Novice: 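Below: one structure in structure tokens.
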Amino acid sequence: MQNILKIGFLLLLTAFSSNTIGAQNTKAVIKKPTTQKVKPITKKETFYVDVRTPAEFAQGSVKGAVNIPLDQIEKQLAKFKGKKNIVVFCRSGSRSSKAKAILEQNGIINVTNGGSWEDVIEKMKK
């Protein structure tokens, strides 16, 4: 019975407060969520970066990827600016982990460590 009274009181309070100064906060709490469809990330929206050496990159990489070796990441930050999604990768995931940290330290936060280049290729097939 007490729970019913509490709920009734809260409903009354909510209805009353919608006509007061704090109406925006109350409406934000009880507003129904929208059901907008989220557009999936496409390959065209992703900047794939192989952080291995040029020699390793020449032996094979992800289709459409650019080669920016780990030791060049900080010198080439401008290439990352404005990119919606960034996936960095290497041979095992170690160098790409370091590249991700460097980018994040420089304010580029939309970075994913893809691991190895073979892992990225497999994920792209799905």
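The analysis underlying the following values was restricted to heavy atoms, covering all of them including side chains, and did not include hydrogens, waters or symmetry mates. All residue numbers in this chain count up from 1 along the given sequence. Quantities reported herein were computed from a predicted structural model and do not represent experimental measurements.
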Novice: How many angstroms lie between NZ in K100 and CD1 in I86, if you round to the nearest 0.5 Å?
Specialist: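 Reported value, rounded in 0.5 Å steps: 10.0 Å.
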
Novice: I need the C90 SG to D119 CG distance, nearest 0.5 Å.
Specialist: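 It is 9.5 Å, given to the nearest 0.5 Å.
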
Novice: I need the minimum non-hydrogen distance between N113 and S96, along with the two atoms involved.
Specialist: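 Shortest heavy-atom separation between N113 and S96 comes out as OD1-OG, 2.5 Å.
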
Novice: With side-chain contact (heavy atoms from CB on, under 4.5 Å) as the test, pick out the partner of V88 among T112, V120, I73, L103.
Specialist: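 For V88, the side-chain contact (heavy atoms from CB on, under 4.5 Å) test succeeds with only one of T112, V120, I73, L103, which is L103.
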
Novice: First locate atom CD1 of I121, then atom OG of S61, and finally report the distance between them rounded to the nearest 0.5 Å.
Specialist: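 Nearest 0.5 Å value for the CD1-OG distance: 7.0 Å.
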
Novice: Check whether any side-chain heavy atom of F80 sits under 4.5 Å from a side-chain heavy atom of V49, and report yes or no.
Specialist: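 A side-chain contact exists here, since the closest heavy-atom pair is under 4.5 Å.
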
Novice: Is there a chain of hydrophobic side chains (I, L, V, M, F, W, Y, each step under 4.5 Å between heavy atoms) that links V66 to F57?
Specialist: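 No; tracing contacts between hydrophobic side chains, which count when under 4.5 Å, never links both residues.
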
Novice: Return the minimal non-hydrogen interatomic distance between K79 and F47, and the atom names on each side.
Specialist: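 That would be O-CE2, 3.6 Å.
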
Novice: Set out, in order, the CA-CA distance, both residues' side-chain angles and the distance that settles side-chain contact (heavy atoms from CB on, under 4.5 Å) for F89 and V62, then state yes or no.
Specialist: CA-CA 9 Å; F89 56 91; V62 172; 3.5 Å; yes

Novice: Taking all non-hydrogen atoms of both residues into account, name the closest pair between R52 and D50 and its distance.
Specialist: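 Looking at all heavy atoms of both residues, the closest pair is NH2-OD2, 2.7 Å.
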
Novice: Hey, could you give me the CG/NZ distance between D71 and K98, rounded to the nearest 0.5 Å?
Specialist: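 Nearest 0.5 Å value for the CG-NZ distance: 11.5 Å.
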
Novice: Please find the pair of heavy atoms, one from R91 and one from E118, that lie closest to each other, and give the distance.
Specialist: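 Nearest heavy atoms, R91 then E118: O-OE1, 4.2 Å.
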
Novice: Could you give the distance from CD (Q72) to CG (N67), rounded to the nearest 0.5 Å?
Specialist: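 The CG atom of N67 is 9.5 Å from CD of Q72, to the nearest 0.5 Å.
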
Novice: Going by side-chain contact (heavy atoms from CB on, under 4.5 Å), I102 matches just one of V51, L70, I108, V111. Which one?
Specialist: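 Only one option passes, and that is L70.
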
Novice: So how far is it from W117 CH2 to K63 NZ, rounded to the nearest 0.5 Å?
Specialist: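 These two atoms lie 14.5 Å from each other.
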
